[in-house]
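Have a look at the structure below before the remarks.
Heavy-atom basis, side chains included; hydrogens, waters and symmetry copies ignored.
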Amino acid sequence: MLAMDQGVVEDWLSEFKTLPDSAVFSYATSLKDKGALVPALYKVIRENYSDLLEPVCHQLFEFYRSGEPQLQRFTLQFLPELLWSLLSVSAARDPHTSGCIEALLLGIYNLEIVDKDGQSKVLSFTVPSLSKPSVYHEPSAIGSMALTEGALATHGLSRVVYSGPHLQRETFTAQNRFEVLTFLLLCYNAALSYMTATSLQSLCQLSSRVCICGYPRQQMRRYKGISTRLTVTSEFLVQLITGIHYALCNGEVELGSKALDDVLYRAQLELFPEALLVGNAIKSSLHSAALKSNNKEGARSIQVEITPTSSRISRNAVTSLSIRGHRWKRHDMQPDTVSVDSEAALGGVAIPEISVTGVSGERMPNGDSLRPRTDGRTQPDGDMLGNTSEVSLDPRGHESGMRGQEVRRQKSVRRMVENEGSGSASTGRSQY
């Protein structure tokens, strides 16, 4: 460790000790302006035999115990590096060099499992229903569901998952190690939007190292660290995947992609269904176009694709009533013209809008119009020769429509012949 970095850390250690309570908030705000402090602290944590490791861990615990949110987030940003230091030392079976790190992690854990009154916390999570939209899915994209939200509510199947109460821990054992570490990662993921790019990179590196050490993929990744296999749990991998997902969408594309592949690789070897389900779901939802951005500035977010909902269907949807209403719609156009406007489409089949112009007379209740005939009587359109032809509303019934027009034309011809015959008979009777 360079003397300059050591001097920065020593100044930081002395500042907080002499700080009055009234100045804690302003001090926490000024920490982000100390650009050389965070890299120097990472170097201290990575050097297990550093003389500054113990006072640094003690200072970070004091930050977390102060209750100031900014100081707590400052401590949490080093959590991935602290976890890797603990796991690597445990794999090397050298517990004497990790005592201060164990004390720091156990102290944070014991503070988080109780509320302000010292009572054990019980966290509750309501499992979302697929019949309600969320930022990850739309019910319309899934298709028809046999069990609706109303049916689920009737049967009381709304599921709530509880976490806790958690037991106080005074030391790490093989049985409780990953229980504590998983809970700490849960606290870290709750503050992901405040984590720096360096912290997200450390999380991705932690994920890869934990999952590939001791396996053939370690040689492919060319990682020359410890070669001992580390025991993991499915819950621990799920928390890692949650953080990796956020890192992927916020600039850490290369490290995040490798980390996700490594976690899925380990989950397949261990046959962890939860980790495989979450990891593959996130991998399938990420598109290459969304991951090409290396912008690490701006608002923190997770990119998802929202499918169109049913409300986006045109409000001019065609029904049988609208067809009858628009069939003989009048427009100020030239007589005897037909306007076909396919403004709506349902199921991939265009539905034309039919409007026949140049029709005078009254409108009948069924949508047909009446217009005068030469003999003074009126009848619906289509009963005279030479009137406006109808256009079939069904594209598949074009031939049947043509046959129907021919039948109507022949009927009109017969009616005209009959009218002429009756007119001749009337003239003969009058002459007689």
Tell me the salt bridge (Lys or Arg N to Asp or Glu O under 4.0 Å) pairs involving [range], sequence neighbours left out?
range            : answer
residues 161-187 : R169-E179
residues 72-89   : R46-E81
residues 11-26   : E15-K34

Nearest-0.5 Å distance, CG of residue L200 to CD1 of residue I244: 11.0 Å
Reported OG-to-CZ distance for the pair S199 and F74, which is rounded to 0.5 angstrom: 11.0 Å
R209 and D262 ion-paired at < 4.0 Å: no
Listed by chain and number, what are the ring-ring contact (aromatic ring centres under 6.0 Å, His included) partners of [X], not counting sequence neighbours?
X    : value
Y27  : F16
F272 : none
F178 : F236

Any side-chain heavy-atom pair of Q168 and N110 under 4.5 Å: yes
Considering all heavy atoms, the nearest S124-V160 contact: CB-CG1, 4.1 Å
Over-ring placement of R229 relative to Y215, 6.0 Å and 45° cut-offs: yes
Donor-acceptor under 3.5 Å (D5 side chain, V44 main chain): no
Whether E270 side chain and A267 backbone form a donor-acceptor pair below 3.5 Å: no
CA sep, side-chain torsions, deciding dist, call: E112, Y64, side chain to side chain donor-acceptor pair (under 3.5 Å): CA-CA 10 Å; E112 282 292 337; Y64 209 90; 2.4 Å; yes
